[in-house]
Amino acid sequence: MHYFSLHTQQDEHIGFLIMYPHDDSQNQSGDLAIKLLDSLPTRLREATKLLADWQVQAALSWEVSGDKVVVFDDDGDPRGTIRQEQLHIGNHVFILNDLAGNM
């Protein structure tokens, strides 16, 4: 399991991202969950709208593809990528900080 804190490009903490590997995938695919902070400032609501939509998805998943991780929605459509500790959704970029070393 991979735990990340989720930040804006201005390093404002906005939530968490957790990646659960499938048991048989050897860490090549799995499920993904987003949890935004309950007390996000109003000024960040627009920037985090896409993440708020992801937070209520029934089933997000991820799969390693080359040098990146592709994130899929519950219909199996690609919705974003993770590369070099950055989450890319459309034109939005969010920073991921690995929490494994901090626990």
Side-chain angles (χ1 to χ4, degrees):
M1 200 176 317
H2 303 283
Y3 302 91
F4 299 92
S5 61
L6 192 55
H7 301 259
T8 66
Q9 288 184 302
Q10 292 73 36
D11 201 30
E12 295 174 281
H13 182 229
I14 57 174
F16 298 94
L17 182 145
I18 301 171
M19 297 171 68
Y20 306 89
H22 291 144
D23 291 336
D24 60 346
S25 75
Q26 298 179 347
N27 290 327
Q28 296 295 306
S29 66
D31 298 317
L32 185 136
I34 297 278
K35 174 62 175 137
L36 294 177
L37 297 177
D38 292 332
S39 59
L40 282 176
T42 305
R43 63 181 162 56
L44 292 177
R45 304 271 168 153
E46 187 61 32
T48 60
K49 182 176 178 351
L50 292 169
L51 291 173
D53 292 344
W54 279 23
Q55 184 172 248
V56 297
Q57 284 278 322
L60 291 171
S61 61
W62 61 271
E63 182 176 303
V64 174
S65 177
D67 67 342
K68 66 182 177 280
V69 172
V70 180
V71 178
F72 299 93
D73 64 14
D74 54 355
D75 291 326
D77 296 324
R79 293 294 176 209
T81 59
I82 298 172
R83 180 184 290 154
Q84 298 177 348
E85 296 193 7
Q86 293 184 343
L87 171 62
H88 298 262
I89 307 172
N91 294 330
H92 298 278
V93 177
F94 301 96
I95 308 302
L96 301 173
N97 289 322
D98 189 350
L99 295 175
N102 298 328
M103 295 181 141

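Heads up: numbering here begins at 1 and tracks the sequence. Quick caveat, the model's predicted, so the values are computed rather than measured.
In terms of heavy-atom proximity, F4 sits nearest to L99 at C-CD1, 3.9 Å. In terms of heavy-atom proximity, T48 sits nearest to L44 at OG1-O, 2.8 Å. Minimum interatomic distance between L40 and R45 (heavy atoms only, all atoms of both residues): O-NH2, 2.7 Å. Here the closest heavy-atom approach between residue V70 and residue P78 is recorded as CG1-CB, 3.9 Å. The shortest non-hydrogen separation linking K68 to R83 is CD-NH2, 3.1 Å.
The CG atom of L37 sits 10.0 Å away from the OG atom of S5 when rounded to the nearest 0.5 Å. Taking CG of L17 as the start and CH2 of W62 as the end, the distance is 11.0 Å to the nearest 0.5 Å. With rounding to the nearest 0.5 Å, the separation of CD1 in I95 from CD in Q86 is 4.5 Å.
Between the side chain of D75 and the main chain of D77, no donor-acceptor pair closer than 3.5 Å is present. Counting only distance, with no hydrogens or angles, the side chain of E63 and the backbone of Q28 share no donor-acceptor pair below 3.5 Å. A distance-only check finds no donor-acceptor pair linking the side chain of R79 to the backbone of I89 [under 3.5 Å].
One hydrophobic cluster, built from ILVMFWY side chains closer than 4.5 Å, holds both I18 and I14. No continuous path of hydrophobic side-chain contacts links L96 to F72 [ILVMFWY only; heavy atoms under 4.5 Å]. Note: the hydrophobic cluster containing Y20 also contains L87 (ILVMFWY, side chain heavy atoms under 4.5 Å, direct or indirect links).
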Inset, instruction - Apply the test side chain to side chain contact (heavy atoms under 4.5 Å, CB included) to residues M1 and M19: give CA-CA distance (whole Å), side-chain angles for both, the deciding distance (0.1 Å), then the verdict. - result: CA-CA 6 Å; M1 200 176 317; M19 297 171 68; over 6 Å; no
Inset, instruction - Kindly indicate, with the supporting measurements, whether the criterion side chain to side chain contact (heavy atoms under 4.5 Å, CB included) is fulfilled by D31 and L60. - result: CA-CA 6 Å; D31 298 317; L60 291 171; over 6 Å; no
Inset, instruction - Using the side chain to side chain contact (heavy atoms under 4.5 Å, CB included) rule, take V71 and W54 through it: C-alpha gap first, then chi angles, then the decisive distance, then the call. - result: CA-CA 10 Å; V71 178; W54 279 23; 3.6 Å; yes
Legend entry - Stepwise side chain to side chain contact (heavy atoms under 4.5 Å, CB included) check, L6 with H13: CA-CA 6 Å; L6 192 55; H13 182 229; 5.6 Å; no
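When the shell of 6.0 Å around NZ of K35 is examined, it contains more than 12 heavy atoms from other residues, nucleotides or ligands.
Between N97 and H7, the side chains place a donor N or O and an acceptor N or O closer than 3.5 Å (distance only, hydrogens not considered). No side-chain donor-acceptor contact under 3.5 Å links T81 and H88.
Ring geometry, F94 versus H92: the interplanar angle falls under 30°, so the pair is classed parallel (tilted spans 30 to 60°).
A salt bridge links E12 with R43: the closest approach of a Lys/Arg side-chain nitrogen to an acidic carboxylate oxygen falls below 4.0 angstrom.
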